[in-house]
Undergrad: 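Structure incoming, see below.
Atoms within each ligand, like the ligands themselves, are counted from 1 in listed order.
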Amino acid sequence: MKVGVADTTFARVDMGAEAIDELRRHASVAIERYTVPGVKDLPVASKILLEERKCDIVIALGMPGGKEKDRMCAHEASQGLIRAQLMTNKHIIEVFVHEDEAENDSELAWLAKRRAREHAENAVLLIQHPERLVKQAGTGQRQGFEDAGPARQ
Ligand SMILES: Cc1nc2c(=O)[nH]c(=O)nc-2n(C[C@H](O)[C@H](O)[C@H](O)CO)c1C
C-alpha cells in the first residue's frame, strides 16, 4: 500500500509530518510526500500522487486562514479535491483545519496534529481494513475535537 501525503507551506503547523509519523506506525505502508504553497494547489498534487506516483490513496492537508477570501479559497480547493477523486476513482482524504477553529496557537497546533493523525489512521483503514470502518458506522466519529458519539434515542 502506498499513501500520498499532500501538504502546504501556508499551514502554520507541519501537518504532513504528523500524518507521516502516524503512517510510519504501519510497517506495510509506503509514503510519498508532495508539498505545495497552498490549498488550491492540493488537487493537482493529489492527482499526480494518485496517477503518476501510483499512490492508492492521498491525504490532503491544509490550513485555510480566517478571512473570507481564505474560506472561498478552501471551498474552491475542496471542489477541486472532489473532482480529482471522481477523475481518478480514488479517495483523497481532505484534512483541513480552519485557523479560526482554535482559540489560540497552542490549540491550533494540537488540533492540526490530532486531526492529521486521526485521518492518517482513516486512510489506512479505508484501504487495508474497510471492515473496521463499517464497525464504526453511525458512531459520531470526529477527527481532532472529541467524538460526537451516537445520537441518544
Ligand atoms: C487567499 C488565500 N488563502 C489561502 C488559505 O487560506 N490557505 C491556503 O493554504 N492557501 C491560501 N491561498 C494560496 C492558494 O491556495 C494557492 O497556493 C495560490 O493561489 C497559488 O496557486 C490564498 C491565495
Side-chain angles (χ1 to χ4, degrees), residues 1-26 29-128 130 133 136 139-149:
M1 172 188 182
K2 192 170 180 185
V3 179
V5 175
D7 64 343
T8 72
T9 58
F10 193 102
R12 298 182 58 222
V13 178
D14 191 349
M15 298 166 70
E18 294 296 322
I20 287 168
D21 189 60
E22 189 66 31
L23 290 169
R24 287 213 170 109
R25 296 174 58 223
H26 302 267
V29 172
I31 299 162
E32 185 92 21
R33 187 173 188 173
Y34 190 153
T35 304
V36 293
V39 288
K40 286 205 288 188
D41 312 310
L42 288 173
V44 71
S46 301
K47 189 166 174 284
I48 288 168
L49 284 167
L50 291 169
E51 289 184 341
E52 296 178 18
R53 304 202 191 164
K54 306 295 175 204
C55 294
D56 300 294
I57 190 166
V58 167
I59 307 167
L61 308 118
M63 186 171 286
K67 300 191 181 124
E68 191 46 44
K69 64 181 173 185
D70 299 322
R71 269 188 278 278
M72 178 71 77
C73 249
H75 179 64
E76 289 163 351
S78 281
Q79 301 225 314
L81 289 170
I82 291 165
R83 280 181 73 92
Q85 291 181 81
L86 295 173
M87 289 167 85
T88 57
N89 238 3
K90 298 217 168 118
H91 287 289
I92 301 169
I93 305 296
E94 179 189 300
V95 188
F96 284 2
V97 174
H98 291 254
E99 224 179 319
D100 55 9
E101 282 185 80
E103 300 279 344
N104 51 49
D105 276 11
S106 70
E107 189 182 39
L108 183 67
W110 171 85
L111 177 62
K113 290 177 183 184
R114 186 159 154 163
R115 188 168 291 163
R117 284 178 180 274
E118 292 193 30
H119 271 309
E121 183 73 35
N122 276 337
V124 174
L125 291 178
L126 261 171
I127 299 299
Q128 288 192 331
L133 286 179
Q136 292 181 20
T139 58
Q141 299 295 310
R142 297 293 184 271
Q143 291 73 34
F145 293 123
E146 284 308 298
D147 293 340

Undergrad: Using a 4.0 Å heavy-atom threshold (strictly under), name the region of Met63 that reaches ligand 1: side chain, backbone, both or neither.
TA: backbone

Undergrad: What closest approach, in Å, do Glu118 and Arg142 show between heavy atoms, and which atom pair accounts for it?
TA: OE1-O, 3.1 Å

Undergrad: Between Ala84 and Pro43, which heavy-atom pair has the shortest distance, and what is it?
TA: CB-O, 4.1 Å

Undergrad: Closer than 4.0 Å to some heavy atom of Gly65 - which atoms of ligand 1 meet that?
TA: 5 (C), 6 (O)

Undergrad: State the atoms of ligand 1, each with its element, that fall below the 4.0 Å cut-off from a heavy-atom position in Asp70.
TA: 1 (C), 2 (C), 3 (N), 4 (C), 5 (C), 6 (O)

Undergrad: Looking only at protein heavy atoms, identify the closest one to atom 9 (O) of ligand 1 and say how far it is in Å.
TA: Val39 N, 2.9 Å

Undergrad: Nearest heavy-atom pair of Ser46 and Ile92: which atoms, and what distance?
TA: CB-CD1, 3.6 Å

Undergrad: So which protein heavy atom does atom 12 (N) of ligand 1 come closest to, and at what separation?
TA: Cys73 SG, 3.9 Å

Undergrad: Going by heavy-atom distance to atom 14 (C) of ligand 1, choose the closest among Glu76, His98, Lys67, Lys40.
TA: Lys40

Undergrad: Identify the protein heavy atom lying closest to atom 13 (C) of ligand 1, giving its residue, its atom name and the separation to 0.1 Å.
TA: Gly38 CA, 4.2 Å

Undergrad: Phe96 versus Leu81: any side-chain heavy-atom pair under 4.5 Å?
TA: yes

Undergrad: Output the list of atoms in ligand 1 that are nearer than 4.0 Å to some heavy atom of Asp41, sorted by atom number.
TA: 16 (C), 17 (O), 20 (C), 21 (O)

Undergrad: Is the shortest heavy-atom distance from the side chain of Thr8 to the side chain of Leu42 under 4.5 Å?
TA: yes

Undergrad: Does any part of the side chain of Glu107, heavy atoms only, come nearer than 4.5 Å to the side chain of Phe145, both counted from C-beta?
TA: yes

Undergrad: If the contact criterion is a heavy-atom separation under 4.0 Å, does Pro64 count as touching ligand 1?
TA: yes

Undergrad: Backbone N or O of Ile48 within a donor-acceptor pair of the Glu51 side chain at under 3.5 Å?
TA: no

